[in-house]
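What you see is a predicted model; the values in this text were computed from it and never measured.
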Amino acid sequence: MKQEWMNRAALYELLAHAFLGTSHELVRAIISGEYSEAVVELGTANELDAVGVALCADELAVYQGRNADELFHELRIEHTRLFVGAPRPAVSPYAGIWWAHRADVKPLLFVNTESMAVERFYRSCGVGQPANSNEPLDHIGSELEFLQYLCLV
């Protein structure tokens with residue numbers, strides 16, 4: 001049973017890296033094929049849909065061997081387009097924004113029912129806002145990191 005939780009934790013960590021922004025470490029893992037290999041390994045270990053895992057690995061394979069600086073900038077631009085955007089992102093990475101749209105209320109970061117509930121739940125589990133961070137805790141990357149944490153405790 002413990003290995004099952006370790007596999008889940010590793011998968012959540014891998015996914016969190018994809019949503020938390022582009023880093024040079026992530027780009028190196030994509031270019032080297034390490035990220036694609038991890039997708040296959042962890043997808044298989046967690047019994048994810050084999051076709052979906054293979055498609056994801058195939059998409060990642062396109063980036064192998066690319067120039068790191070070029071890919072870093074391309075991925076940052078795409079991350080910004082998707083999750084930051086102007087005047088709005090293509091898709092919000094925040095649970096509170098999704099909640100606000102469903103509840104038909106004005107979406108506000110940090111100060112909506114869903115965002116505050118997420119923050120309270122984290123605190124009840126002994127987890128708080130990371131030092132030097134102002135990212136709302138209901139960001140999908142943060143939630144994936146929290147799932148990783150829960151798998152390991």
So CG of Asn67 and CZ of Phe72: to nearest 0.5 Å the spacing works out to 12.5 Å
Taking the hydrophobic residues Ile, Leu, Val, Met, Phe, Trp and Tyr, and joining any pair whose side-chain heavy atoms are under 4.5 Å apart, which ones share a cluster with Leu20?
none
Once salt bridge (charged side-chain N to carboxylate O under 4.0 Å, His left out) is applied, what residue pairs with a partner in residues 51-79 remain, sequence neighbours excluded?
Arg66-Glu74, Glu78-Arg81
If you look at every heavy atom in Ala29 and Ser32, which pair is closest and at what distance?
O-OG, 3.2 Å
Results of side-chain contact (heavy atoms from CB on, under 4.5 Å) for Gln64 - residues two or more places apart only
Ser36, Ala61
Drop me the distance from Glu119's CD to Arg123's CZ, to the nearest 0.5 angstrom.
4.0 Å
Those residues at least two apart in sequence (or on a different chain) that pass salt bridge (Lys or Arg N to Asp or Glu O under 4.0 Å) with Arg28 are none
Going by the rule side-chain contact (heavy atoms from CB on, under 4.5 Å), which residues pair with His101 if we only count those two or more places apart in sequence or in a different chain?
Ile97, Pro107
Excluding sequence neighbours, so at least two apart, what forms side-chain contact (heavy atoms from CB on, under 4.5 Å) with Arg102?
Trp98, Trp99
Interatomic spacing from CD1 in Ile30 to CG in Leu71 - rounded to 0.5 Å
6.0 Å
Side-chain donor-acceptor pairs of residues 42-53 under 3.5 Å, sequence neighbours excluded:
residue, atom, partner, partner atom, Å
Thr44, OG1, Val40, O, 2.8
Asn46, OD1, Arg8, N, 3.4
Asn46, ND2, Asn7, O, 3.0
Asn46, ND2, Leu42, O, 2.8
Asp49, OD2, Val51, N, 3.4
Asp49, OD2, Gly52, N, 2.7

Between Ile77 and Ile31, is there shared hydrophobic-cluster membership here, with clusters defined by ILVMFWY side-chain heavy atoms closer than 4.5 Å?
no
Side-chain donor-acceptor contacts of residues 9-19 below 3.5 Å, not counting sequence neighbours, with atom names and distances?
none

Would you say Asp138's side chain and Val118's backbone share a donor-acceptor pair under 3.5 angstrom?
no
Mind checking what makes ring-ring contact (aromatic ring centres under 6.0 Å, His included) contact with Tyr35, not counting sequence neighbours?
none
Look at the side-chain heavy atoms of Ile, Leu, Val, Met, Phe, Trp and Tyr, link any pair under 4.5 Å apart, and say whether Val153 and Val127 land in one connected group.
yes
Residues that Tyr63 engages under ring-ring contact (aromatic ring centres under 6.0 Å, His included), provided they are two or more places apart
none
Could you pull out all donor-acceptor pairs under 3.5 Å where a side-chain atom in residues 139-151 meets a protein atom, sequence neighbours excluded?
residue, atom, partner, partner atom, Å
His139, ND1, Gly141, N, 2.8
Tyr149, OH, Cys125, O, 3.3

